[in-house]
Engineer: 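If you scroll down you'll find the structure; I have some questions about it.
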Amino acid sequence: MATLLQRVKSKMAIYAHRKARGMLDGEYGSVFRGRSLDFDDLRAYVPGDEVRDIDWKASARDGSPLIRRYVAVRRQTVLLVTDTGRNMAAVAKSGEAKKDIAVLTLGVLGYLAHRHGDVVGLVCGDSSITRSLPAKGGEQHLERLLRHVDDNTTLDGAPSRIQDQLQHVARNVKGRHLLFVVADELPADAATGQLLRRLRAQHEILWLTVRDADLAPSGPETADSYSVADSALLAWQPAASAAVAAAYATAVAQRDADRKAMLRAAGITEGEVAASDDVITGLFALLERHRRAG
């Protein structure tokens, strides 16, 4: 049986060819501002690279633009922060379990950190408990972190409340780290916004939202659904109504706008994924936006 990390590597190999993986590594390397860097090697320039990183002498010799790549001298700490409440055991927009998308996303970012020599820790939980696993290096450690998230995200778990895990970080985590937060569609409120601003003053933060399933099933097959929040029946017939669908779409758009505004006000870069097939491109876009925002 393949390990979770093996599945991460397989997905990276399928959806990111060698050049794209190099670009993903480069975007990750740019996240920590002010880290001490040593020259590593040269690679071909691709659109979006910083002009200041072009090695003009090497480019003249090669006949095409080349970018200088660097490696960090000092290891950094990446803290994976995620929701393991029952909301994340529900279905995503793609029909997959949201936790499967979350585990893949955490695995890709964690593996990038491992490749750069950084250490990776985990803070996860639900509304009843928050668990913290210390930051370490190595693939076996990363596999343990991913397995912990996968095993503890179940439909019979407590409701989700990512604010509790963020509060734990604010109270207990010292120093400056990269926080990589993976959660579902967080509703905005003033208290959460204040907490996010407090965290952003200390840490670099990347936020990735896993999109909820549609209100009504698509295609000819129809079936009732249940809310993971309170086990309430979600009959498909009302959801198929054009008026209900329109009202729901309006509510979702407002919730998305409020969340984006809250994160933007805190200086946090957000990305979104709706399926496991979106993870590589979605994470690359998130890292690129974070670099450009800096």
Engineer: Check whether any side-chain N or O of Q167 sits under 3.5 Å from a backbone N or O of D164 as a donor-acceptor pair, and report yes or no.
Structural biologist: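 No.
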Engineer: Is the backbone N or O of L5 less than 3.5 Å from a side-chain atom of E143, with the two atoms forming a donor-acceptor pair by type?
Structural biologist: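 Side chain of E143 to backbone of L5, a donor-acceptor pair under 3.5 Å: yes, one is there.
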Engineer: Which residues pass the side-chain contact (heavy atoms from CB on, under 4.5 Å) test with I54, sequence neighbours left out?
Structural biologist: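 In terms of side-chain contact (heavy atoms from CB on, under 4.5 Å), with neighbours along the sequence ignored, I54 is linked to Y45, V51, W56, S59, I67.
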Engineer: Using modelled atom types and a 3.5 Å cut-off, is there a donor and acceptor pairing between side-chain atoms of N152 and backbone atoms of H148?
Structural biologist: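 Yes; at least one donor-acceptor contact below 3.5 Å.
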Engineer: Would you say the side chains of S160 and D126 form a donor-acceptor pair under 3.5 Å?
Structural biologist: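 No, no side-chain donor-acceptor pair sits under 3.5 Å.
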Engineer: Looking only at non-hydrogen atoms, find the nearest pair between W207 and L196 and report the distance.
Structural biologist: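 Where W207 meets L196 most closely, the heavy atoms are CZ3-CD2, 3.7 Å.
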Engineer: State, to 0.1 Å, how close G137 and V119 come at their nearest heavy-atom pair, and which atoms those are.
Structural biologist: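 Distance-wise, the nearest heavy atoms are N-CG1, 3.9 Å.
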Engineer: With no hydrogens and no angle check, is any side-chain donor or acceptor of K98 less than 3.5 Å from a backbone partner on N87?
Structural biologist: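 Yes, the answer is positive, given that a donor and an acceptor are paired below the 3.5 Å cut-off.
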Engineer: Indicate the atoms forming the closest heavy-atom contact of S132 with H168, along with that distance.
Structural biologist: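 For S132 and H168, the tightest heavy-atom pair comes out as CB-NE2, 3.7 Å.
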Engineer: Please check: side-chain N/O of T192 versus main-chain N/O of A188, any donor-acceptor pairing under 3.5 Å?
Structural biologist: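 Checking the backbone N and O of A188 against the side chain of T192, no donor-acceptor pair under 3.5 Å is found.
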Engineer: Under 3.5 Å, side chain of Q202 to main-chain N/O of G175, donor-acceptor pair present?
Structural biologist: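 Yes; at least one donor-acceptor contact below 3.5 Å.
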Engineer: Check the pair E96 / S276 against side-chain hydrogen bond (donor to acceptor under 3.5 Å, both in side chains), numbers first and verdict last.
Structural biologist: CA-CA 8 Å; E96 305 165 89; S276 58; 2.7 Å; yes
Engineer: Whether the side chain of T84 engages the backbone of G125 through a donor-acceptor N/O pair (distance < 3.5 Å, no angle test) should be reported.
Structural biologist: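 Such a contact is found between T84 side chain and G125 backbone.
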Engineer: Taking H177's backbone N and O only, do any of them form a donor-acceptor pair with H203's side chain (distance below 3.5 Å, no angle check)?
Structural biologist: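 Looks like yes, one N/O pair under 3.5 Å.
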Engineer: Consider only side-chain N and O atoms of T209 and E270, and report whether a donor and an acceptor are under 3.5 Å apart.
Structural biologist: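 Per modelled atom types, T209 and E270 side chains form a pair under 3.5 Å.
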Engineer: Do we see a donor-acceptor contact under 3.5 Å between the side chains of H290 and E204?
Structural biologist: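 A donor-acceptor contact under 3.5 Å links the two side chains.
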Engineer: Taking only residues two or more places apart in sequence, or in another chain, which ones meet E272 in a salt bridge (charged side-chain N to carboxylate O under 4.0 Å, His left out)?
Structural biologist: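 Scan of E272 (salt bridge (charged side-chain N to carboxylate O under 4.0 Å, His left out), adjacent residues dropped) gives R211, R259, K260.
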Engineer: Taking D150 first and then R147, would you say they form a salt bridge - that is, a charged N and a carboxylate O separated by under 4.0 Å?
Structural biologist: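 Yes, D150 and R147 are salt-bridged.
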Engineer: Looking at R68 and L42, would you say the former's side chain and the latter's main chain have a donor-acceptor pair under 3.5 Å?
Structural biologist: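 Side chain of R68 to backbone of L42, a donor-acceptor pair under 3.5 Å: no, none is there.
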Engineer: Give the minimum heavy-atom separation between A213 and Y248, together with the two atoms involved.
Structural biologist: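 Where A213 meets Y248 most closely, the heavy atoms are O-OH, 4.1 Å.
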Engineer: Does any N or O in the side chain of S94 come within less than 3.5 Å of the main-chain N or O of A274, such that one atom is a donor and the other an acceptor?
Structural biologist: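 Yes, because the side chain of S94 sits within donor-acceptor range (under 3.5 Å) of the backbone of A274.
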